[in-house]
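A short write-up of the structure that comes next.
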Amino acid sequence: MKPTTCCIVGGGPAGMVLGLLLARSGVRVTVLEKHADFLRDFRGDTVHPTTLALLDELGLAERFAELPQRRVGSVMLPVGPDEEFYTLGDFERLPIKYNYIALVPQWDLLNLLAEEANKEPTFSLRMSTEATGLVRERGRVNGVDYRTAEGEEGRIRATVTVACDGRNSLARRELDAELGVRDFPTPMDVRWFRIPRREGDPAGVVGNIRDGSFTALLDRGDYYQAASVIAKGTDAAERADDVERFNESLRNRLGWLDDGRELVHDWEDVKLLHVTLDRLRRWHVPGLLCIGDAAHAMSPVGGIGINLAVQDAVAAARHLAKPLRRGGLRHGHVTAIQRVRRPTTVLLQGLQRILHANVVEPALRGDIDFGRRAEPPLPLRLLSKLPWLRLIPPYVLAYGAKRERPPKEALR
């Protein structure tokens with residue numbers, strides 16, 4: 001494979017956004033994606049307002065709007081035996097252009113980014129090509145070794161290699177001692193599955209805390225993308241039972257589902273996500289940078305992982321584009337990316353840890369049960385009486401702590 005200026009390992013949202021921004025800035029980019037396509041279900045499908053605004057800046061808003069999607073404007077929670085719905089957050093009240101979260105199959109978003117990047121003469125996407133090792137010479141990373149689906153092996157050299165290959169990153173495995181990982185215990189794992197949605201069912205994002213279980217339903221039109229939070233390590237024992245017991249628990253917790261509709265047909269339709277929350281102490285060594293889940297694995301709480309990874313990619317493009325194009329990259333350009341992105345990561349992971357300790361764990365113990373309460377808790381009552389408070393949760397979800405700006409050369 002021909003040498004490149006920037007080799008990106010992993011064609012997820014962070015890798016494809018970074019590849020597009022750098023290619024538009026005139027940098028030679030090669031993206032290695034080990035799969036043959038982007039078709040993998042139950043990946044993060046939430047596209048937040050900051051990412052929507054980025055697509056607009058890149059001239060892709062109209063094409064993105066043509067993708068099959070569902071727009072979420074509110075987050076609701078049923079309370080009491082009669083399941084009266086209370087609004088936790090109202091995106092539509094935010095005074096911004098994109099005042100909603102778009103639920104879009106991730107493969108559609110990635111295909112859009114790939115099609116746009118392939119228009120640039122400096123961009124190359126190699127599917128079915130897995131990075132198998134880092135090329136380390138004289139104390140720096142100078143590219144990667146790779147293997148294709150046909151078994152062909154080779155090496156690609158690069159001025160800088162960017163790891164965007166998730167929490168099981170090659171860089172993490174080979175540079176564990178140098179990068180270091182700070183791991184935070186998590187109380188739960190998550191089951192992902194689909195259940196039918198009918199006309200008149202609750203819209204938007206619907207949370208449910210009842211009977212020692214925490215469930216979130218994402219409105220996808222004719223079905224819900226459902227997340228069932230379970231205590232860590234309990235999945236195998238529950239799968240030993242018939243799947244109909246799982247369905248019965250869903251009907252007991254979500255009363256409107258008990259109308260004769262079929263829910264989950266087989267345990268094979270229920271995918272398990274082992275929840276991890278951690279971050280690297282160092283995101284870089286000479287010649288290599290980690291971003292997205294490769295640098296900081298996020299909990300699914302809040303659905304902010306993709307948004308955070310995309311903002312990492314935008315910051316990386318802004319710091320790397322000019323020195324890479326001019327051939328003057330220094331290690332300081334790489335270290336600056338961790339410096340500007342780490343505070344946001346620490347803040348959002350801190351918020352997730354607070355929610356783990358004060359909401360998820362008590363809910364799984366049964367200490368919080370909104371189905372048994374005669375009235376909603378004080379925070380929900382305040383949200384009902386003071387609607388402006390509903391702006392705070394969606395604002396944090398929409399923007400995090402900081403919105404990064406892409407390099408000017410990448411704008412259209």
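Position 1 is the first residue of the sequence; numbering continues from there. Side chains are part of it too, since the values below use all heavy atoms of this structure and drop only hydrogens, waters and symmetry mates.
Thr46 places a side-chain heavy atom less than 4.5 Å from the side chain of Leu103. Using a 4.5 Å heavy-atom threshold, the side chains of Leu263 and Phe246 count as separate. Using a 4.5 Å cut-off on side-chain heavy atoms (C-beta onward), Val72 and Leu218 make no contact. In this structure the side chain of Val243 never reaches within 4.5 angstrom of the side chain of Asp266, judged on heavy atoms. Side-chain contact between Val162 and Val9 is absent, with no heavy atoms from C-beta onward closer than 4.5 Å. Proximity of Pro406 to Arg24: side-chain heavy atoms (C-beta onward) are nowhere separated by under 4.5 Å.
Annotation: the span from Leu109 atom CG to Asp45 atom CG amounts to 9.5 Å, rounded to 0.5 Å. Note that CG of Leu280 is 12.0 Å distant from CD1 of Ile291, once rounded to the nearest 0.5 Å. With values rounded to the nearest 0.5 angstrom, Ser228 atom OG is found 5.0 Å from Arg253 atom CZ. In this structure, Asn118 CG and Leu20 CG are separated by 10.0 Å, a value rounded to the nearest 0.5 Å. Interatomic distance, Arg28 CZ to Ser124 OG, rounded to the nearest 0.5 Å: 11.0 Å. For the atom pair NE2 of His48 and CD1 of Ile101, the computed distance is 4.0 Å after rounding to the nearest 0.5 Å.
Under a cut-off of 6.0 angstrom, the local environment of NZ in Lys408 is sparse, with at most 12 non-hydrogen atoms contributed by other residues, nucleotides or ligands. Arg70 CZ: more than 12 foreign heavy atoms inside a 6.0 Å radius. Counting non-hydrogen atoms of neighbouring residues, nucleotides and ligands closer than 6.0 angstrom, the CZ atom of Arg342 reaches no more than 12 such neighbours.
Using a cutoff of 4.0 Å between basic side-chain nitrogens and carboxylate oxygens, Arg318 and Glu404 are scored as salt-bridged. Ion pair Arg251/Glu262 not flagged as a salt bridge, since none of the NZ, NE, NH1 or NH2 atoms sits closer than 4.0 Å to an Asp/Glu carboxylate oxygen. Salt bridge present: Glu116 and Arg63 bring a charged side-chain N and a carboxylate O closer than 4.0 Å.
Annotation: cation-pi geometry satisfied between Arg194 and Tyr223 (NZ/CZ under 6.0 angstrom from ring centroid, within 45° of ring axis).
In summary, the side chains of Arg245 and Ser249 do not present any donor paired with an acceptor at a separation below 3.5 Å, with no hydrogens or angles considered. Checking Gln349 against Arg279 by side-chain atom types alone, a donor-acceptor pair falls below 3.5 Å.
Residue Pro13 is tested with Asn307, Val310, Asp293 for a side chain to side chain contact (heavy atoms under 4.5 Å, CB included); the sole match is Val310. Paired with Glu178 under the rule salt bridge (charged side-chain N to carboxylate O under 4.0 Å, His left out), one option of Arg281, Arg136, Arg172, Arg282 passes, and it is Arg136.
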Show every donor-acceptor pair shorter than 3.5 Å between a side-chain atom in residues 358-367 and any protein atom, with sequence neighbours excluded, or say none if there are none.
unit_1, atom_1, unit_2, atom_2, d
Asn358, ND2, Ile354, O, 2.8
Arg365, NE, Asp367, OD2, 2.8
Arg365, NH2, Asp367, OD2, 3.0

